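Encoded as structure tokens, the structure appears first; notes follow it.
Only heavy atoms go into these numbers, but all of them, side chains included; no hydrogens, no water, no symmetry mates. First the proteins, then the strands, lettered A, B, ... as listed; each starts at 1. The structure displayed is predicted, hence computed values, not measured ones.
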Number of protein chains: 2
Amino acid sequence: MKSVKVGICGLGTVGSGTFNVLGRNRREISARAGIEIDVIQVGARRDNPSCNTADVAVERDIFAVAKNPEVDILVELIGGTDVAKSLVLEAIAQGKHVVTANKALIAEHGNEIFAKAEAAGVQVMFEAAVAGGIPIIKALREGLAANRIQWLAGIINGTGNFILTEMRDKGRAFDDVLKEAQALGYAEADPTFDVEGIDAAHKLVILASLAFGIPLQFDKVFTEGISKVAPEDVGYAQELGYRIKHLGIARQSSAGIELRVHPTMIPEKRLIANVDGVMNAVLVKGDAVGPTLYYGAGAGAEPTASAVVADIIDVARVVQQGGRGIAPLAFYNAATQQPTMLPMDQVETAYYLRMLAEDRPGVLAQVSTILAEANISVEALIQKEPQQDAPQVPLILLTSRAIEHQLMSAITQIEALPVIHGEVTHIRVESLG
Amino acid sequence: MKSVKVGICGLGTVGSGTFNVLGRNRREISARAGIEIDVIQVGARRDNPSCNTADVAVERDIFAVAKNPEVDILVELIGGTDVAKSLVLEAIAQGKHVVTANKALIAEHGNEIFAKAEAAGVQVMFEAAVAGGIPIIKALREGLAANRIQWLAGIINGTGNFILTEMRDKGRAFDDVLKEAQALGYAEADPTFDVEGIDAAHKLVILASLAFGIPLQFDKVFTEGISKVAPEDVGYAQELGYRIKHLGIARQSSAGIELRVHPTMIPEKRLIANVDGVMNAVLVKGDAVGPTLYYGAGAGAEPTASAVVADIIDVARVVQQGGRGIAPLAFYNAATQQPTMLPMDQVETAYYLRMLAEDRPGVLAQVSTILAEANISVEALIQKEPQQDAPQVPLILLTSRAIEHQLMSAITQIEALPVIHGEVTHIRVESLG
Ligand SMILES: NC(=O)c1ccc[n+]([C@@H]2O[C@H](COP(=O)([O-])OP(=O)(O)OC[C@H]3O[C@@H](n4cnc5c(N)ncnc54)[C@H](OP(=O)(O)O)[C@@H]3O)[C@@H](O)[C@H]2O)c1
Ligand SMILES: NC(=O)c1ccc[n+]([C@@H]2O[C@H](COP(=O)([O-])OP(=O)(O)OC[C@H]3O[C@@H](n4cnc5c(N)ncnc54)[C@H](OP(=O)(O)O)[C@@H]3O)[C@@H](O)[C@H]2O)c1
């Protein structure tokens, strides 16, 4: 075999980055792969001016790439879950290995795709699907393979992290920063996927499967966005020595597996609390290795291409050397595991509570009595002077760890107190220690 | 094949950790490896009470393990470069794969060992040799394989980082903290390897080979320890918004390849500046991916075992599936490259300078004139009030980037000024941007 032959479908942001990196770093890539890697065909509905495809066959029909008998590896970079799924399944049916950056596709249809790939004896690789250029999938699947993974927590959506960072640094409101992020091209016109945590949930599901050896279960993720994070919460967090980050958290305990995406207060001294702007990071706790952290660009043409090309190189070695390669979800028996999932109302964590209280004696006693009856103690407290001539004052508490449903019923009781006005805001707190 | 058979030589800190992790996480490990991994023999001069070796053949002669025809993978955890080298070469000659945590062995004899391994068609893996449990070797060799690596900078000696962290947090002096580190077991009785940067140089050489695809060249590293870092420098660094870290830095430019270990001032806002205590981290800059960072425990029984076992799992897949596996130094042609090395006096970096100056007008002008004549400008300045009735004041400068030999000759001229007393202290400054 003289070279491994690649067909790229989709020549948008990541497709063009992949095409260009394979060209520019050809010498390094072939020396590392141990064989030349040639892009012999591109499937794209239209040309992309940032790519010089003069030496490559360009097909307008992407399925022609999946059917090309010369192609060893099909690289799916069109996005979406419909056509992309058909394309990937067609490539597998044709006996081709697949590399993709498509988190939605893997999170929602990965179980089916991996089963078909295993039956066909081909690899499906997806390093770029989580945290862009950070080799976090390789770290979980191979680098930490000796460990029982206890939990992981990730900043895995750059848009959300950019917004929270700007809110903190400049005291700005969510809507205001979102508009700027859209203008800068960090956020889509429809920002729901990013700010409501759906994109992070896709990625979290993939990380959890790799960490715990379980099937992908996108429908099991608890998801809460950042659109309701108020500037005052960002400020109080800082006063308490914390930062608010939109984290994807997966945890395995004797009670079951938790999968949750929500705004989280974390101690500012943790390294991950200092990951700012559009950057991503994943903190992983293994029983042998302890905590490890992986940091880098979570998106962008070339950072994402870095991960796509790393997968291509890994698969090229399998094409050349034979063997069945690595298990896509890290465990060869992942698909057959039947994990116990822990519903969100059973999850245990600490809480930040903010409420508006009447400025008179005994209010704190009433609130802490309700908490104490639910076995929840107050670990820290901020009580502010009344603002101007407002009759109420903000009361901010950090609680001990509590089961979510117990905390929620305590909140209902607190909200019913005549001395408390309006709703009680809650943000989950994790020490990540 | 029913299982892959492992022989462990050396049952000290890392050996016992490896034995125990393989036992405790057997279920996860075999599911990830796709095959059972059995430790069938241990070579140890004496028992280790933290390991239950009742079910394993224990040999007092470690070479018996290398010669055991049943063993597929020999794990070298005895340390040192003499016996360890003979043991590894014997195992290779016997057609066995090798996993080792031995940075001195790889840095000093890796080229020879890898050549013999290639000829014998076996793998030699060494993830644990750099930064303990952090899968940095896998990241450089595979995860970032698409990139031309521009530079990397690592906190790769936990003892040194612990000492510098304590000096900063508590304003203590080097000798004082070193004694405590020895009492805590973080530092050896002979701390030279750690604090003079030899251990970090071993690791840096390995990282640079993987990053740039060049042979291992331990004799080419410039090494400066931390024993001369003074408490006042730690303090002034902080005043200027910097931290002092003992970094291993490898950089590739058109001028050549730099390999250097020295105390380095870095902006406190960089994530790596906030890696404290015994923890390690490596920052890698690739042309496609941009900056990425890897953080975790750099030593300890189980963190190091995590890396050793990850290697065993990778090799187990090769044993089972066949193929020649991955190139040990990432590039299949690494051994044949003839890189241009940049001598230290040609390296360009910024500098922190501290000197004792007479407290009278014109002193700063004299100093900055000397620097300006060498094309070096002053970027920041701290001038202190005279302490008590001392006639001299400390003068602290941050310079622009300059070539080392030009800076050094400027320092010689500054030291010759009658208004400057004693030596000029210099610390290299890197922005790591
Ligand atoms: N952008 C990032 O930073 C990033 C990071 C990590 C992962 N990803 C993932 O990478 C994938 C690609 O993202 P992207 O940002 O590169 O998207 P993009 O810029 O929108 O590119 C997608 C490309 O696919 C083409 N395409 C879509 N459907 C097609 C079809 N049916 N037939 C032919 N061509 C089709 C589009 O062509 P037209 O222009 O003709 O519509 C477009 O050129 C997605 O799965 C995304 O989630 C992206
Ligand atoms: N400790 C860490 O955190 C760490 C981290 C990364 C890498 N490493 C590397 O891992 C390796 C092992 O380090 P370690 O900390 O585990 O050292 P260690 O605790 O001193 O263990 C070494 C073991 O090897 C045995 N040994 C040495 N020479 C022998 C010989 N000729 N025949 C039989 N047994 C022999 C010693 O036996 P005796 O007790 O009888 O002398 C001891 O049990 C070293 O290369 C080190 O650089 C260590």
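Ring geometry, B:F114 versus B:F126: the interplanar angle falls from 30° to 60°, so the pair is classed tilted.
Residues forming a salt bridge (charged side-chain N to carboxylate O under 4.0 Å, His left out) with A:D72 (at least two apart in sequence, or on another chain): none. Residues meeting the side-chain contact (heavy atoms from CB on, under 4.5 Å) test with B:E36, sequence neighbours left out: B:S3, B:R26, B:S30.
Within the 4.5 angstrom heavy-atom criterion, no atom of A:N280 approaches chain B. Using a 4.5 Å cut-off between heavy atoms, A:E142 contacts chain B through both its backbone and its side chain. B:R317 touches chain A through its side chain: at least one heavy atom from C-beta onward sits under 4.5 Å away, while N, CA, C and O do not. Contacts between B:E28 and chain A at a heavy-atom distance below 4.5 Å involve backbone atoms as well as side-chain atoms. Both the backbone and the side chain of A:R148 come within contact range of chain B, with heavy atoms under 4.5 Å apart. Residue contact with chain A, scored on non-hydrogen atoms closer than 4.5 Å, involves the backbone and the side chain of B:L271 alike.
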Checking side-chain contact (heavy atoms from CB on, under 4.5 Å) for the pair A:L207/A:V284: CA distance, chi angles, key distance, verdict?
CA-CA 10 Å; A:L207 293 177; A:V284 184; over 6 Å; no
Assess whether side-chain contact (heavy atoms from CB on, under 4.5 Å) is satisfied between A:D38 and A:V4, documenting all intermediate values.
CA-CA 6 Å; A:D38 287 325; A:V4 172; over 6 Å; no
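Looking only at heavy-atom pairs under 4.5 Å with chain B, the residue among A:L144, A:D287, A:V275 that has the most is A:D287. When each of B:R141, B:R27, B:R24, B:M279 is scored by its heavy-atom pairs under 4.5 Å with chain A, the top score falls to B:R24. When each of A:G213, A:A31, A:A310, A:G17 is scored by its heavy-atom pairs under 4.5 Å with chain B, the top score falls to A:A31. If you tally non-hydrogen atom pairs under 4.5 Å between each of B:I312, B:I313, B:I149 and chain A, the highest count goes to B:I313. Most heavy-atom pairs under 4.5 Å with chain B, from the set A:I29, A:D311, A:L293: that is A:L293. Interface remark: of the candidates A:V309, A:I136, A:V318, A:V309 forms the most heavy-atom pairs closer than 4.5 Å to chain B. The greatest number of non-hydrogen atom pairs below 4.5 Å with chain B, out of A:G323, A:G132, A:A146, A:A33, is found for A:A146. Most heavy-atom pairs under 4.5 Å with chain A: of the set B:G296, B:G143, B:A288, this distinction falls to B:A288.
When all heavy atoms are compared, the tightest approach of A:P135 to B:Y294 is CD-OH, 3.4 Å. When all heavy atoms are compared, the tightest approach of B:N161 to B:G277 is ND2-O, 2.9 Å. Pairing each heavy atom of B:A211 with each of B:L152, the nearest pair is CB-CD2, 3.8 Å.
With a 4.5 Å cut-off on side-chain heavy atoms, B:V282 and B:I156 count as touching. Side-chain contact check for A:I257 versus A:R251: every heavy-atom pair is 4.5 Å or farther apart.
Residues of residues 298-308 of chain B having a heavy atom under 4.5 Å from any heavy atom of chain A, listed by number: B:E302, B:P303, B:S306. Heavy-atom proximity under 4.5 angstrom to chain B picks out A:I326, A:A330, A:F331, A:Y332, A:N333 from residues 326-335 of chain A.
The pair A:D276-B:K269 does not count as a salt bridge, with every side-chain nitrogen at least 4.0 angstrom from each carboxylate oxygen. In summary, B:K138 and B:D314 engage in a salt bridge, as defined by a charged side-chain N under 4.0 Å from a carboxylate O.
Of the N and O atoms on the side chains of B:N25 and A:N147, not one donor lies less than 3.5 Å from an acceptor on the other residue.
B:E268 places no side-chain N or O within 3.5 Å of a backbone atom of B:N274 that could act as its donor or acceptor partner. No donor-acceptor pair under 3.5 Å is formed between the side chain of B:S16 and the backbone N or O of B:L11.
Within a 6.0 Å sphere centred on CD of A:E118, heavy atoms belonging to other residues, nucleotides or ligands number 12 at most.
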